[in-house]
There are 2 protein chains.
Amino acid sequence: MIMDSTDKKLLELLQKDAKMTTKALALTLNLSVTAVYERIKKLEREGIITKYVALLNRNTIQKGFVVFCHIKLIQHAKEYLTTFEREVGKLTEVLECFHVSGDYDYILKICVKDMEAYREFMVTKLTTLQHIGSTHSTFMIGEVKNSTAFVL
Amino acid sequence: MIMDSTDKKLLELLQKDAKMTTKALALTLNLSVTAVYERIKKLEREGIITKYVALLNRNTIQKGFVVFCHIKLIQHAKEYLTTFEREVGKLTEVLECFHVSGDYDYILKICVKDMEAYREFMVTKLTTLQHIGSTHSTFMIGEVKNSTAFVL
DNA sequence: ATTATTTTATTATTTAATTAGAATAAAAAT
DNA sequence: ATTTTTATTCTAATTAAATAATAAAATAAT
């Protein structure tokens with residue numbers, strides 16, 4: 001889809017605050033309410049905007065302990081990959097899982113309460129997954145930037 | 001704050017779809033509209049819900065090339081860390097940056113159009129930052145799971 | 001230049017968010 | 001045990017926003 005600078009500005013605004021009213025958006029974009037409304041509907045139809053979500057503060061819900069876990073599989077047969085991916089997708093502590101190139105096969109982002117909860121997770125869940133070769137845990141000690149908003 | 005199971009269910013619903021009307025929420029939670037409304041306002045006041053945002057599909061906006069970049073600084077004086085963090089925060093291609101324990105000091109998630117754009121980013125932006133010791137790029141080849149929603 | 005297509009604006013309608021006030025229930029104090 | 005306070009819920013009314021319908025303007029295609 002061909003996006004003009006108004007569409008981009010609109011997306012940047014909605015990525016920051018999805019609760020902005022079309023009226024407020026119209027005002028900052030110098031358009032009418034309907035014009036904004038139609039543009040948003042189009043961006044949704046085209047699959048550019050995928051969803052609207054509430055973001056929570058990890059620390060207030062006992063999920064402040066963040067770990068990046070690098071995982072290597074024992075083998076790389078397609079069946080091994082898909083089995084692992086299906087199983088890891090079910091683990092609620094794993095918020096993100098990316099298949100990557102390089103020294104490791106997967107990078108996981110895991111959010112739990114504390115180190116004890118992480119130990120429990122490792123022992124009872126992660127390391128019981130099939131086909132896992134090795135894991136390497138890296139602990140977050142500070143959050144410099146954590147944005148869901150792309151700059152267009 | 002003490003959250004009951006209704007608060008948790010409410011948060012899970014809003015994390016999935018922030019556009020659900022209070023009426024629809026009230027229906028699924030077996031509460032009145034006002035009760036739901038008041039609970040949401042409280043969760044916002046308490047800083048548990050931090051914001052509502054639109055999520056975009058990377059691939060439709062020329063940001064489908066995702067790289068995890070592991071960075072080591074040359075030294076770890078506080079001034080070096082803060083300078084680096086301030087500068088990296090300004091880079092629009094860097095969506096996330098975490099200070100971590102272990103072999104590297106920082107893990108960055110970078111989203112750009114393609115490898116050429118990444119090369120350009122590395123040469124003109126990332127590697128020009130002060131105090132950088134080494135970088136190690138890991139390329140995303142598949143997205144298994146990428147959620148912003150905590151399971152409570 | 002003329003027609004077709006898309007985008008925008010105005011107005012009307014529907015739907016949802018918010019507020020007000022009363023009722024209920026839980027917690028703290030006497 | 002009983003009153004008082006506090007918090008949470010409900011129903012109903014109000015305010016505000018989203019959506020739809022229609023008309024006008026702008027853009028692209030012939």
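Proteins come first, then strands; the chains are lettered A, B, ... in the order of their sequence lines, and each starts at number 1. Source: prediction; values computed, not measured.
Rounded to whole Å, atom C1' of C:dA16 lies 12 Å from atom NZ of A:Lys19. If you take CZ of B:Arg39 and P of C:dT18, they are 17 Å apart, rounded to a whole angstrom. Rounded to whole angstrom, the span from the NZ atom of A:Lys23 across to the C1' atom of C:dT8 amounts to 18 Å.
Using a 4.0 Å cut-off between a side-chain N of Lys or Arg and a carboxylate O of Asp or Glu, A:Glu44 and A:Lys51 do not qualify as a salt bridge. Between A:Asp7 and A:Arg39, at least one side-chain N (NZ, or NE/NH1/NH2) sits under 4.0 Å from a carboxylate O, which counts as a salt bridge.
The side chain of B:Thr21 sits closest to C:dA17 out of D:dA17, C:dA20, C:dA17. Counting only heavy atoms from C-beta on, B:Thr34 has its side chain closest to D:dT11 among C:dA9, D:dT9, D:dT11. For A:Lys41, whose side chain is taken as the heavy atoms from C-beta onward, the closest listed nucleotide among D:dT19, C:dT8, C:dA17 is D:dT19. Out of D:dT9, C:dT18, C:dT8, the shortest distance to the side chain of A:Glu38 is found at C:dT8.
The base-pairing partner of C:dA1, taking Watson-Crick or G-U wobble contacts with both distances under 3.5 Å, is D:dT30.
Taking 4.0 angstrom as the limit, A:Tyr37 places none of its side-chain polar atoms (N or O) nearer than this to OP1 or OP2 of D:dA18. Phosphate proximity of C:dT7 to A:Lys42: present, with a side-chain N or O under 4.0 Å from OP1 or OP2. The shortest distance between the side-chain N/O atoms of A:Thr22 and the OP1/OP2 oxygens of D:dA17 is not below 4.0 Å.
Proximity of B:Tyr106 to B:Leu73: side-chain heavy atoms (C-beta onward) are separated by under 4.5 Å at one or more points. Counting only heavy atoms from C-beta outward, the side chains of A:Asp4 and A:Lys8 never approach each other to under 4.5 Å.
Evaluation of atom-type donor-acceptor distances gives no pair under 3.5 Å for the side chain of B:Ser32 against the base of D:dT11.
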